[in-house]
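What follows is a single structure, written as structure tokens, with notes after it.
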Amino acid sequence: MNMNSVSMTSNQSVYASTTYKSKLSKANQKAKNWIAYRESRGSYKARNGIYIGRYQLTASYLHGDFSKNNQEKTADRYVKNRYGSWVNAKKHWIYYGWY
């Protein structure tokens, strides 16, 4: 790739073609999709005040990178660190109305 001919914004990377793939069980993937639907109707472009994207994370969590790959990777890391699993995050969401 000729870097002189590539125009990039601050939210893009040369490595943008690398696609993040989570390694979730079927139950965790189902819970993740359930949360995404309730948070943003599944839209990576959703905005609600300070919350951004498919999983309605703050810009500080996303570090200014609102790409699909970063939203997926960051959401998985957030949920693993806070709840242990997407299934647990869904249980929390059902009880409190947020995760």
Discussion item. Measuring from atom CD1 of Ile52 to atom OG of Ser43, what distance do you get when rounded to the nearest 0.5 angstrom?
Written reply: 12.0 Å
Worksheet entry | Single-linkage hydrophobic cluster Trp93~Tyr55, side-chain heavy atoms < 4.5 angstrom | yes
Worksheet entry | Donor on one side chain, acceptor on other, Asn70 and Tyr20, under 3.5 Å | no
Discussion item. Please check: side-chain N/O of Arg54 versus main-chain N/O of Gly42, any donor-acceptor pairing under 3.5 Å?
Written reply: yes
Discussion item. Any side-chain to backbone donor/acceptor pair from Asn28 onto Trp86? Under 3.5 Å, distance only.
Written reply: yes
Worksheet item: Which atoms form the tightest heavy-atom contact between Leu24 and Gln29, and what is the distance?
Response: CD1-OE1, 3.6 Å
Worksheet item: Does a side-chain N-to-carboxylate-O contact under 4.0 Å join Lys32 and Glu72?
Response: yes
Worksheet, complete the sentence: salt bridge (charged side-chain N to carboxylate O under 4.0 Å, His left out) filter on Glu39, not counting sequence neighbours, yields none
Worksheet item: With hydrophobic residues grouped by side-chain heavy-atom distances under 4.5 Å, do Ile94 and Val79 end up in a single group?
Response: yes
Worksheet item: Are Trp34 and Trp98 co-members of a hydrophobic cluster defined by side-chain heavy atoms under 4.5 Å apart?
Response: yes
Practice prompt. Return yes if some donor-acceptor pair links the side-chain N/O of Asn88 with the main-chain N/O of Gly84 below 3.5 Å, else return no.
Written response: no
Worksheet item: Is Tyr96 linked to Leu57 within one hydrophobic cluster, defined over Ile, Leu, Val, Met, Phe, Trp and Tyr using a side-chain heavy-atom separation of less than 4.5 Å?
Response: yes
Discussion item. Restricting to non-hydrogen atoms, name the atom on Ser40 and the atom on Gly53 that form the minimum distance, rounded to 0.1 Å.
Written reply: CB-O, 3.5 Å
Fill in: CD1-OG distance between Ile50 and Ser60, expressed to the nearest 0.5 angstrom
7.5 Å
Item to complete: State whether the side chain of His92 and the backbone N or O of Tyr83 hold a donor-acceptor pair below 3.5 Å, judged by distance alone.
Response: no
Practice prompt. To the nearest 0.5 angstrom, please state how far the NZ atom of Lys21 sits from the CG atom of Asn69.
Written response: 9.0 Å
Item to complete: Step through the shown structure and confirm whether more than 12 heavy atoms of other residues, nucleotides or ligands are within 6.0 Å of OH on Tyr44.
Response: yes
Practice prompt. Could you label the plane-to-plane angle of the Tyr78 and Tyr99 rings as parallel, tilted or perpendicular, counting under 30° as parallel and over 60° as perpendicular?
Written response: perpendicular
Worksheet entry | Value rounded to 0.5 Å, distance of OG1 in Thr19 from NZ in Lys68 | 10.0 Å
Discussion item. Can you confirm if the NZ or CZ of Arg47 lies within 45° of the ring axis of Phe66 and under 6.0 Å from the centre of its six-membered ring?
Written reply: yes
Item to complete: Check Asn48 against Gln56 and note the closest heavy-atom contact, atom names and distance.
Response: CB-OE1, 3.1 Å
Worksheet item: In Å, rounded to the nearest 0.5 Å, how long is the span from OH of Tyr51 to OG1 of Thr58?
Response: 7.5 Å
